[in-house]
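A short worksheet on the structure shown next.
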Amino acid sequence: MSFGETPITIIGNLTADPELKFTDAGAPLAKFTVASTPRTFDRETNQWKDGKSTFFRCAAWRSLAEHVAESLTKGSRVVLSGRIRQHDWQTPEGENRSMLAVEVDDIGASLRFTTVAINSKTATKPAVPSDDPWSTDPQAGEKPPF
């Protein structure tokens with residue numbers, strides 16, 4: 001993170017499936033929105049009540065974008081960290097527009113209300129033989145020094 005950037009951590013739910021796109025140069029970009037809704041306990045009614053939701057537009061780049069698109073769906077509860085970015089543009093009618101968005105640095109599923117299974121992806125490593133789970137070199141069949 002650079003000096004002067006505005007860091008943010010958000011806990012919330014995806015409002016739709018992430019949308020995976022690719023730039024003209026081929027860089028993956030995942031766009032999605034996270035809704036964060038505060039909950040408070042009302043002692044008079046003895047019930048939880050939802051507050052007003054805040055919606056955050058988010059963008060993840062490169063391998064993170066691909067992982068988001070493959071792993072998360074509408075309703076997924078996530079914890080993310082990133083930086084707030086302001087985007088300015090002009091409409092075809094000449095009107096100036098501006099919006100805030102979160103450029104995501106890291107994101108994961110929240111384990112508060114559910115469990116998840118972690119699947120590690122390694123495209124360059126060969127599979128470990130099933131008869132030797134501690135092997136560091138499947139070709140040599142040697143065990144690690146621990």
Pair Arg83-Asp105, side-chain contact (heavy atoms from CB on, under 4.5 Å): steps then yes or no: CA-CA 8 Å; Arg83 295 161 279 138; Asp105 293 321; 2.6 Å; yes
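- The CD atom of Glu103 sits 12.5 Å away from atom OG1 of Thr6, with the distance rounded to the nearest 0.5 Å.
- A donor-acceptor contact closer than 3.5 angstrom is absent between the side chains of Asp106 and Ser81.
- Between the side chain of Asp17 and the backbone N or O of Thr73, no donor-acceptor pair lies under 3.5 Å.
- Hydrophobic clustering, with ILVMFWY side chains joined whenever heavy atoms are under 4.5 angstrom apart, keeps Val78 apart from Ile11.
- In this structure, Thr9 and Leu80 have side chains that are not in contact, with every pair of non-hydrogen atoms separated by 4.5 Å or more.
- Between Lys31 and Leu20 the shortest side-chain heavy-atom distance does not fall below 4.5 Å.
- Asp50 CG to Thr40 OG1: the interatomic distance, rounded to the nearest 0.5 Å, is 8.5 Å.
- Pairing each heavy atom of Phe22 with each of Gly26, the nearest pair is CD2-O, 3.6 Å.
- Looking at heavy atoms from C-beta onward, Arg97 lies out of side-chain contact with His87 at the 4.5 angstrom threshold.
- By the 6.0 Å contact criterion, CZ on Arg39 is enclosed, its count of non-hydrogen atoms from other residues, nucleotides or ligands being greater than 12.
- The shortest side-chain heavy-atom distance between Ile107 and Leu64 falls under the 4.5 Å cut-off.
- Cluster annotation: Val34 is connected to Ile8 through the hydrophobic network of ILVMFWY side chains, with a link wherever side-chain heavy atoms come within less than 4.5 Å.
- Taking the side chain as every heavy atom from C-beta outward, Phe32 and Glu19 never approach each other to under 4.5 Å.
- Considering only heavy atoms from C-beta on, Asp88 comes within 4.5 Å of Gln86 through its side chain.
- Neither Trp61 nor Val68 shares a network with the other; the hydrophobic side chains, linked directly or stepwise wherever heavy atoms of I, L, V, M, F, W or Y lie under 4.5 Å apart, form separate groups for each.
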Chi angles and distances behind the side-chain contact (heavy atoms from CB on, under 4.5 Å) call for Lys74, Leu14: CA-CA 5 Å; Lys74 178 180 179 177; Leu14 269 66; 5.6 Å; no
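- Note on Ile10 and Ile84: same hydrophobic cluster, where clusters join Ile, Leu, Val, Met, Phe, Trp and Tyr whose side-chain heavy atoms are under 4.5 Å apart, directly or indirectly.
- Contact detail for Gly82 and Val102: the closest heavy-atom pair is CA-CG1, 4.2 Å.
- Environment of CD in Glu93: crowded, with over 12 heavy atoms of neighbouring residues, nucleotides or ligands closer than 6.0 Å.
- At least one side-chain heavy atom of Arg57 sits under 4.5 Å from a side-chain heavy atom of Met99.
- Minimum heavy-atom separation, Lys52 to Pro38: O-CD, 3.4 Å.
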CA sep, side-chain torsions, deciding dist, call: Thr33, Phe56, side-chain contact (heavy atoms from CB on, under 4.5 Å): CA-CA 5 Å; Thr33 300; Phe56 296 92; 5.8 Å; no
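- Scanning all heavy atoms of the two residues, the minimum distance from Ala65 to Ala60 falls at CB-O, 3.1 Å.
- Put simply, the side chain of Ser71 gets close to the backbone of His67: a donor and an acceptor are under 3.5 Å apart.
- Between Asn46 and Asp42, the closest side-chain pair of non-hydrogen atoms is not below 4.5 Å.
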